[in-house]
Q: 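One structure follows; several queries about it will come next.
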Amino acid sequence: MDLALLWTIQLSGLAAFLLIQLLPRSAKKIAPAIGIALSFLAAAASAKLLLDHANGFGLPVQFSHPWLAVSDRAVWPNIPVERYALFVGFLLDPLNLTMITLVTSISFFVQLFSFYYMNEDRSRARYFGFLSFFSFSMTGLVLSNNLLQTFLFWELVGLTSYLLIGFWYEKESAATAARKAFVVNRLADLGFYLGIILVLILFGSLNFTDLKSQALAQVLPPATLTLVGVLVFLGVMGKSAQFPFHVWLPDAMEGPTPVSALIHSATMVAAGVFLLHRAFDLFSASATTLLVILSVGCLTALTGAALATIQRDMKRILAYSTVSQLGLMTMAVGAGSSTAGFFHLSTHAYFKSLLFLTSGVFIHRFHTNDIWEIGQKGGKNDRLAIGFLAFGLLSLSGLPPLAGFFSKDLILEAIKEKNLFFYSGALFVSFLTAYYSFRMFLVIARGRIRREERPHAESRALKISRNVPLLCLATLSLVAAFLGMPSFHFNFEMLLTTAAILVSGGGLAILRFRDPEAAEQKLLAGKTFMQKILERKFFIDDAYEFLVKKVGLAIAHALNRFDRTVINGLMVNETSFSVMRLGRLAALLQNGALQDYLAWAMTGGVLILFAFLHFYRGTP
Amino acid sequence: MSQSLQSYLVISSALFAIGVFGLLGRRNLVAVLISLELILNSASLNFLAFNKFSLPDKSLGQVFVIFIIALAAAEVCVALSLILLLYRKKDSINVEDAKELRG
Amino acid sequence: MSPFPILSAILLCPVAGLILVLLTPRKFETAIKFLSLLAASGTLVLSIILCKIFNTADPGFQFVEHLEWIKSYGIHYSNAVDGLNVSLILLTAIVIFCGILVSWRVTYRVKDFFANMLFLVSGVFGVFMTTNLFFFFLFYEIAVIPMYLLIVIWGSTNKQYAAMKLTLYLLLGSALMFAGFLYMYSLPEARTFDLLTLKQNVHFSPPIQNILFLGLFLGFGVLAACFPFHVWSPDGHVAAPTAASMLHAGVLMKLGAYGILRVAVTLLPEGARHWAGLIAVLSLCNIVYGALVATQQKDLKYIIGYSSVSHMGIVLLGIATMTTVGFNGALFQMFAHGIMTALFFACVGFIYDGCHTRMADELGGLSKQAPMISTFFILAGLCGLGLPGMGSFVAELLVTIAAVGTYPMIGITSITALLITAFYVLTAVQKAFYGPVNPHHADFKDLDWLQFVPRAVLVGCLIFFGIFPSVFLNWVSLSTKILLGG
Amino acid sequence: MNLFLFLPETVLLAAIVILLCLTLAKKDYGTPVLGFFLPALGAILVLASFSSLPHSGNLFSNAYRVDPLAQGFKCLIALSFFFTAILNQNRLSIPFDREIEYGIFLLSATLGMMMMTGAVDLLALYVSMELSSYSLYLLASLRQDRRSPEAGVKYLIFGAAASGVFLWGASLVTGLSGTTSLLEISGKVPVLIWQPAFSLGLVFASFAFLFKLSGFPLHFWAPDVYESAPTPVTNFIATASKATAVAILIRFFMLTGIPGVFIAALGALAFVSMTLGNTVALVQQDVKRLLAYSSIAQAGYILTGLLAGSFAGYSSSFFYAFAYVLMNTGAFLVTSVVAKTANHDNPRLSDFDGLAERSPFLALLLLLSLLSLAGIPPLVGFTGKWILFSAAMDKGHWFLVLWGVLNSVVSLFYYLTLVKHAYLEKPVVSAPIAVSGGTRWLGLFLIIGLIALGLFPNAFITFAQQAILKGAAL
């Protein structure tokens, strides 16, 4: 029974994608319906699975099938399995179950919301096709039982994010952002690819159930263990936008907002953290890998939070906040407790997608991303959206009853035990989170309305498709907090510290942004040194620009000229021209004079004569 | 190879060398023809020398020489007709003028 | 001698088609097209049957056909199939079938065009089937002259130079093979050109093996676009008409790699092991150099030409590792890359006919105008950059596993090419397909169903073998094991 | 003396006599002679030589030997005479009053060549060589324009010098061995080889045959004569006289064996003639001169086969000579037709422009014969080259073989340039070229011959091997 459900979850996305592609041009209108229906089917199936295995009984369930025979005793005599093959299959255990429900539910709500968001867009069918294809590849990634299959769907997820970011490909910036996202992901995936191959060669099996840290420690020396761990972590860094590879996430906001809600906040970027949790033994096998993960996580969290504080674009603030939250999750895993990381991931997925969808509502209505303009155009009149915005931002900054508080507390506790320096970093990050959430809320809520934009009347179906997802996501984030809590112990001292951070961060924001107009004037007037650096995003983008343009393409240009001049010119053309010149030279021999001919002939004969006499020692 | 045979051979090789020299050196086509005749005669001298000293069948050498003489005559007649043709076209039988075909 | 000589039947299909096309008068153009399509589909059907009844468990040669040709010189017309060439025969059949369909819109001297195409493909089929060195060389060179005529008469940018360079380069390579084969024949214990008897009773001494292998490898390497000799392939592919470059890049380059495997490695294993290091380094140059230079190209066909050089590097790297996994990967890459490049050229050819330009900058916003052809091109591009779910990914995975296993440093650096490929493919896609619609070619219409079919077949093959690679690997893995003395 | 042994020669003799009587008659029979009489005679000659293939025996007190080797080459010479006779339809600039002499000299040259293939006596060899050479000198200078006597004179003096050297060598050989019959000499060779004078004589004698083969040092006459002789005669010189040269060289080397040093010398000569022929041909503009240099290069390939000195070497040279006749006739046929339409006997590369549009048949014939010359499968040139070079490789001349194959790649350049002119360029005057009956049938025969012999050469190769076996047996 489980296998049937798993197959429905997995294939519903693909079925929707194929159905939409095969739709004749005339029937393109029904594409959203197909997308939504099938994503609902997937969500229902995963809910059913959740109910069947409510408290984890009968798990883990694994179905695997050999996919590719890779057998070579000659090269790797020490491989454990005689004729090992690369397998493809499903794995179902508590971690997968929660993740699959999260992914399918969020993708269903986003599809529902997209019906509202994209109803004027002409190429809607293509959008819904790609969204369903995304859910297919995401479910594949989550359900896979070995590293290679995860990598397979990892790349497919990267591809769909490329297609969806560059959905409005007429816009030059969208196309470049899409390419940048794909290439940066690809750069990180190289490490992941190499890591998988090293594990395959040195350890023999890629199955998660076999990858136990003791087994790994026996076979691999510590140095390679760290190498493999760091390499696979590279893949995670790419997908979950960790420090050096985070540049693509803010630019990915070029895509439609529901896409950002689904992919760039909840599911895809979470895939990295999910893998950290899934293959935790691989990383925990060597302490240095965990240290690397911890430091990279901290670095990401700090940069994300810092950059979020000065953004004007609503979606960019949320994007940077996702980067910093991902940094926090990675720090949790780095600190040794991957359960805390994963718990924060599930709660964050819900309220962050809620925040993105609300920003979608604002953008859809006021056709601008800038929070000051939204404020001026009467953002606060949209009662419902403001309410959800407040709810999301508060749970993001960790107000006690809401989801954010519990998961962030667990992370802070885990990091505190591990190492105080990173703990202070985490505290500073949550301080900044509180600061920029309040900043955003105040600028929108308290902006003086200048040119009011009356919302044009919407049909009932559009209203439902807008409000239902928001409502469900809000409730689900609360439910997830309570349901998914690994172990509830009331840590009073932690409660105090988070409350203090919340108050200080919020207070600072209220102090500066009580009157948004004045704050804007002050901002435009003088840019402090710190603001300039933040504006230039710590010069990372320029570093990439330099590496690609100056170094990479310069080498390519030099090689291209080398190819044209040296290999093509010298080796090919010169040799043929020299043969021609030899021909012209030899033609001079034939100068028409009879006696020259005879002279040449006779010299030939005489030469043979001499050779004959010289070598002739009586032997024939 | 008795002593006197060698002296004949030396003479015929000298004759052969003179013929080749004349072939290459002389500018007048008829002179070239003459040196060709010299080469043929040196070959027939060779034959006769061998005939005298070492050939078992005495008639062999003489028959060969007679053929050489006959064919030399035929050759000269053909050569002279061609040289005449050349003269008619180019008004000169100088070898240097026959240089139009080249390259 | 199997009851029905399926191999000769596959070879005779294009030959019969060629003769029939030559006999039909010049003005019945559609008749000529249908005849050649009939011949091509004949080969396709027969090769699919061949692949189906090919017994993957039997390690030796199957469907052996044998005919005395010149007894005194040990030359027999003998065909046989084992793991190495069954997939390549299928590849050729697929590519020629799609090539004929793609060139349905050729109007200039139709009869000569299709005659040359069929002549070219019968040469290629001959090479893949035969197990006699004489016929190997004979069919190898038969495939060269029609390619010259195809480029000279129907080609595009500086076609005369490119055609002449291509032909002379390939013949230079075959000259080395000629000398190598004759040397093997001249040994007293050989006295035959038959591959099997040569393999059994001829044992070359190591120094001879090294020199001979080097000669044969260079001879085949020229056609397989090995690094220093690769320069003819981009020019040749750019100048050739669509179907010709499909066939050439898709199939003829595999001839070289197949030759290395079938002749050089089978007969001279020690020589192969001796030079494996050099081949690995050269193939690394191929991969990284080809990818880097491709980033600089403006013309779409040049980009594909250099990407073929880079992908052939992966094949050579697979061979250089001298392991069964490497060989399986190399053969798989030959198959997958053949189909992918055919698809690439089919799309670019169609765009060139429509917009009369191949410069990526001058084409803009094609996705908006012609969504179908753009999707095909993007799919081919994605397969090129090794997207999972497509054939090339599995091939690159196998080759990289083997490479990291045997030459760690080379294996690791070869992976960077995946990144560079991603960069230049996506840049080309962005310049040519995304962005605002370019008014210059506003009248460019999308694929009609006739042009849709060949490209769909190619994409289908890519995805099928990407998802079910074991189908391919069962054919191949047994004979590569035997090739390496397993 | 069974007459049938001597059938082809008797047919030629009778024809010469008839033509001589015709010259005496007052009425001018020139055109019917060349138009009808010669082709018919050619056909009879071919039939006669093919029917007398199985006969063998010795004539004229062992001076003249009739064996499969000689008969095979006689058929080859008869074929090339027949082809030349057909090519005469497109002859240019031969004055009417000289047409009968043209016929007579053609016949006498063929007679001389046929005698040469059979002659196993130095004297018989010398006489028949002179007969064929003198008629060729005259044939080469029959044309009306300024430059043909110059070519005739050059050809004559060069040939006479070569035969002088031959004579001098023959005299030494006869003197020391005491007999002019090659069969007896071959018996004495193992004894006599120790005397330098004897091997010197042998070397000089065989050195002279290079003149006929147009191998390196003695090739200088070829480009000038090929260019200025009328195209049918050039074809005759290129095919028949080269085939005879191959015949004598095979006979001579087989009977007397090649001294070791001379093999190295021949190798050097082959190397230079290949390179010279191919590289100079690259820069030629006149097609006949280009074909002359290509024939010098082909002489290089044949020398590589011959110097192997093995049974396989001789049989492959025989096969290659046959293939060479077919290929060259194809090329010269197309040149003669193009020359006739362009109305001047030295067609340049540009005259071939757009041949494919004007006459696809001629273009196909040109393509096939040139590719076969370059040694591209599936044509007969390739199979010929393959067995020729495999014979040389058996004897360890790997460098020569590699150099030969590289040269054929270079040769492909100028052949393909000619093909490019035919297939790619637009014609200056686009009237289609009408190809008359005889030439069309010959063209068809050549196309079929080139492909059929290329693909199914087994029968002919076995015949060549038998011929060599019988030729060697005393």
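Numbers restart at 1 for each chain; the letters A, B, ... are given by sequence-line order, proteins then strands.
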Q: Among V419(D), L367(D), L412(D), which residue has the highest count of heavy-atom pairs closer than 4.5 Å to chain C?
A: L412(D)

Q: First locate atom CD1 of I70(C), then atom CG of N458(D), and finally report the distance between them rounded to the nearest 0.5 Å.
A: 6.0 Å

Q: Determine yes or no for a side-chain-to-main-chain donor-acceptor pair under 3.5 angstrom, with W69(C) supplying the side chain and L455(D) the backbone.
A: yes

Q: Do L138(C) and T383(D) come close enough that some side-chain heavy atom pair is under 4.5 Å?
A: no

Q: The criterion is ring-ring contact (aromatic ring centres under 6.0 Å, His included); which residues satisfy it with F217(C), sequence neighbours excluded?
A: none

Q: For Y423(D) and R109(C), work out which heavy atoms get closest and say how close.
A: O-NH1, 3.4 Å

Q: Of the backbone (N, CA, C, O) and the side chain (C-beta and beyond), which part of S315(D) lies under 4.5 Å from a heavy atom of chain C, both, or neither?
A: side chain

Q: When the ring centroid of F193(C) is compared with that of W386(D), is the distance short of 6.0 Å?
A: yes

Q: Are I461(D) and S72(C) packed together at the side-chain level, in the sense that at least one heavy-atom pair is separated by less than 4.5 angstrom?
A: yes

Q: Could you pull out all residues at least two apart from W403(D) that satisfy side chain to side chain donor-acceptor pair (under 3.5 Å)?
A: T275(D)

Q: Do S186(C) and F389(D) have side chains that approach each other closer than 4.5 Å (heavy atoms only, starting at C-beta)?
A: no

Q: With side chains defined as the heavy atoms from C-beta onward, is the minimum distance between Y185(C) and D394(D) less than 4.5 Å?
A: yes

Q: Roughly how far, to the nearest 0.5 Å, is the OH atom of Y148(C) from the CD1 atom of I376(D)?
A: 12.0 Å

Q: Which word best sums up how the rings of F382(D) and F137(C) line up, parallel for under 30°, tilted for 30 to 60°, or perpendicular for over 60°?
A: parallel

Q: In Å, rounded to the nearest 0.5 Å, how long is the span from CZ of F178(C) to CG of L402(D)?
A: 10.0 Å

Q: When rounded to the nearest 0.5 angstrom, what is the spacing between NZ in K159(C) and NZ in K420(D)?
A: 10.5 Å

